[in-house]
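One structure is given here, and the rest of the page talks about it.
In this text, all values refer to a predicted model and were calculated from it rather than measured experimentally. Just follow the structure's listing: the first ligand is 1, and inside any ligand the first atom is 1.
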Amino acid sequence: MEVKKICCIGAGYVGGPTCSVIAYKCPDIIVTVVDLNKDRINAWNSKDLPIYEPGLQEIVEERRGKNLFFSTNIDDAIISADLIFISVNTPTKTYGVGKGRAADLKYVESCARHIAEVATGFKIVVEKSTVPVRAAASISNILSSNTKSNSSFQVLSNPEFLAEGTAVTNLIDPDRVLIGGETSVEGQAAIEALSNVYSKWVARDRIIKTNTWSSELSKLAANAFLAQRISSINSMSAICEATGADVTEVANAVGRDSRIGNKFLQASIGFGGSCFQKDVLNLVYLCEALNLPEVANYWQQVIEINNYQRRRFANQIIGSLYNTVYGKQIALLGFAFKKDTGDTRESSAIYVAKYLMDEGAHLKIFDPKVPRKQIITELQHPTITDCPEKARELIEVSGDPYTACAGSHAIAVCTEWDQFKLLDFKKIYDSMLKPAFVFDGRGILPHQKLLDIGFKVSVIGKHRENGGMFKSASSNNILLPSSRVLP
Ligand SMILES: NC(=O)C1=CN([C@@H]2O[C@H](COP(=O)(O)OP(=O)(O)OC[C@H]3O[C@@H](n4cnc5c(N)ncnc54)[C@H](O)[C@@H]3O)[C@@H](O)[C@H]2O)C=CC1
Ligand SMILES: O=C(O)[C@H]1O[C@H](OP(=O)(O)OP(=O)(O)OC[C@H]2O[C@@H](n3ccc(=O)[nH]c3=O)[C@H](O)[C@@H]2O)[C@H](O)[C@@H](O)[C@@H]1O
């Protein structure tokens with residue numbers, strides 16, 4: 001079977017870029033991305049796309065109106081498609097059984113019911129969303145229980161591995177494309193049909209074909225392994241700060257072992273983003289449901305270290321500012337969960353801000369891509385504060401980094417935006433209260449230059465000595481106090 005028309009339900013961070021790239025690489029396929037959210041669809045049809053991804057605007061503008069369409073007419077798109085991607089959100093459940101851990105599949109289920117209701121003829125339904133193992137069985141079940149006499153379905157798993165900020169390059173040149181399906185003849189034919197779409201631009205040997213459950217589990221496993229690496233290096237950063245080691249040197253030495261590899265070893269204030277925490281928790285819940293408590297505990301530790309790292313960074317700031325930040329002004333540089341995106345979902349900056357606000361600090365926040373309203377909404381969320389009015393009084397969103405830093409006691413770098421490396425730090429130093437502190441939670445700033453200017457600098461994973469006070473190799477500028485004294 002040849003796929004000629006694709007419908008994608010869910011015009012989010014995955015559905016939008018993935019289908020734009022399919023439309024770009026397959027001009028003969030008509031791709032329609034649909035969503036219940038009118039504003040989002042309007043934005044996809046405008047100059048201001050709803051998400052920022054380098055290179056995406058050009059691709060959308062090249063194909064939109066030709067073979068790429070964004071619409072709220074979900075029924076029509078389902079009816080005319082040969083292949084339907086389900087690319088809706090699968091957040092952590094906030095209610096009922098599995099609250100705080102299990103994936104909430106209500107949006108996936110509602111898509112399956114919608115497809116069953118309106119589809120006619122044969123459709124390949126592709127699970128693009130990240131789901132627990134065996135979710136495809138539920139989709140199949142809903143589809144087959146509601147099938148009209150003239151419709152039939154094959155369900156595939158085709159998880160997405162793109163990372164935000166590099167979505168377009170990841171989609172154009174993926175490490176692999178994973179397609180899981182039934183081992184039956186019909187299942188294999190459906191796998192082949194989807195594989196033929198990707199093979200228009202992805203080498204055949206990069207398209208991995210597996211059974212459905214392996215595909216679903218591989219997605220959770222990949223995110224768990226990536227998150228585990230970050231928690232591993234962050235756990236090392238704590239040891240580095242308490243000894244004479246430097247986490248950058250350790251990461252380099254460890255990563256040069258080709259069996260380990262050098263990627264994803266950047267110590268930080270903890271991983272953020274909509275998926276790592278959600279998917280690891282999803283895995284933990286799955287293990288518990290499968291009565292595998294030891295495995296569940298193992299993966300739970302990845303989350304515990306991440307929470308610890310966020311808290312540790314905030315505690316370092318508070319400790320260094322003479323154990324109180326009450327009424328003090330702290331500039332947060334960066335609020336997105338990583339550079340090159342405006343996405344703040346589960347950003348570690350939110351938690352650092354929360355811990356500082358809990359101590360009464362005033363925050364001046366600057367991020368090059370996150371709108372002011374979004375920052376305020378995140379910090380007034382009920383999971384972050386029980387008093388939104390008070391939180392509002394403690395937050396000021398600045399339009400540029402210099403305004404954020406002026407009059408501050410300290411700067412905390414929360415996101416690794418390249419532009420922060422090139423700031424005029426002398427100008428910033430002159431505008432701050434003294435002693436002027438910098439807490440580099442991403443290890444990106446020119447530290448020696450900052451020390452030479454007169455800043456007190458603390459870098460995640462860099463050595464503290466003499467009762468926890470830092471000394472630079474070439475200056476006497478004393479940095480972070482810590483809670484412990486070296487033996
Ligand atoms: N954000 C990322 O970088 C990645 C996300 N994923 C996975 O992809 C899935 C989607 O994630 P995002 O795109 O980030 O989510 P998102 O929240 O940005 O987009 C999901 C969209 O689905 C729409 N939607 C929900 N139910 C619907 C329904 N019944 N009919 C029509 N539209 C509906 C929502 O309105 C929303 O616009 C999740 O399972 C996520 O875990 C996988 C890889 C990367
Ligand atoms: O399923 C998903 O949603 C996606 O999750 C991640 O992508 P993403 O969250 O967009 O971004 P990453 O580059 O993985 O960064 C995640 C977080 O880890 C942090 N990080 C990353 C790398 C590192 O060395 N250190 C570190 O702290 C980042 O700053 C960020 O907060 C995975 O990289 C993608 O493969 C996956 O498809």
Closest to [atom] among [options] (heavy-atom distance):
atom	options	answer
atom 19 (C) of ligand 2	I230, T415, I269	I230
atom 33 (C) of ligand 1	I41, I51, T72, V88	V88
atom 14 (O) of ligand 2	Y13, F264, F161, F271	F264
atom 17 (C) of ligand 2	G273, G272, G165, A251	G272

Exercise. Atom CG of L143 and atom CD of Q154: how far apart are they, to the nearest 0.5 Å?
Worked result: 10.5 Å
If you define the side chain from C-beta out and look only at heavy atoms, does anything of [X] sit under 4.5 Å from [Y]?
X	Y	result
E346	Y351	yes
F276	I303	no
S268	F313	no

For this session: Could you tell me the residue and atom name of the protein heavy atom closest to atom 35 (O) of ligand 1, and the distance to it rounded to 0.1 Å?
Result: D35 OD1, 2.6 Å
Exercise. Does K128, backbone or side chain, put an N or O under 3.5 Å from an N or O of ligand 1?
Worked result: no
Problem set entry | Heteroatom proximity flag, R345 to ligand 1, N/O under 3.5 Å | yes
Within reach of ligand 1, part of [X] (heavy-atom separation under 4.0 Å):
X	value
P159	neither
V14	both
V131	neither
C275	side chain

Find all atoms of ligand 2 within a distance of less than 4.0 Å from any non-hydrogen atom belonging to [X], and give their numbers and elements.
X	result
E160	37 (O)
K219	1 (O), 2 (C), 36 (C), 37 (O)
N223	1 (O), 2 (C), 5 (O), 32 (C), 36 (C)
L265	24 (O)
C275	1 (O), 2 (C), 3 (O)
S268	26 (C), 27 (O)

Exercise. Would you call H114 a ligand 1 contact, heavy-atom distance under 4.0 Å?
Worked result: no
Which atoms from ligand 1 have a heavy atom of [X] less than 4.0 Å away?
X	value
K278	40 (C), 41 (O)
L36	27 (C), 28 (C), 29 (N), 30 (N), 31 (C), 32 (N)
K219	43 (C)
L162	3 (O), 44 (C)
C111	28 (C), 29 (N)

Exercise. Using 30° and 60° as the class limits, which term best fits the ring planes of Y198 and W201: parallel, tilted or perpendicular?
Worked result: tilted
Would you mind checking if [Y] and [X] are paired as a salt bridge, meaning a charged N to carboxylate O distance below 4.0 Å?
X	Y	result
E164	R345	yes
K421	D440	no
R113	E109	yes

Tell me whether [X] at atom [atom1] has more than 12 heavy atoms from other residues, nucleotides or ligands lying less than 6.0 Å away.
X	atom1	answer
Y24	OH	no
K4	NZ	no
K5	NZ	no
F225	CZ	no
R204	CZ	yes

For this session: Please report the closest heavy-atom contact between A135 and L105, naming both atoms and the distance.
Result: CB-CD1, 4.4 Å
Exercise. Applying a 4.0 Å heavy-atom criterion (strictly less than), which segment of K278 is in contact with ligand 2: side chain, backbone, both, or neither?
Worked result: neither
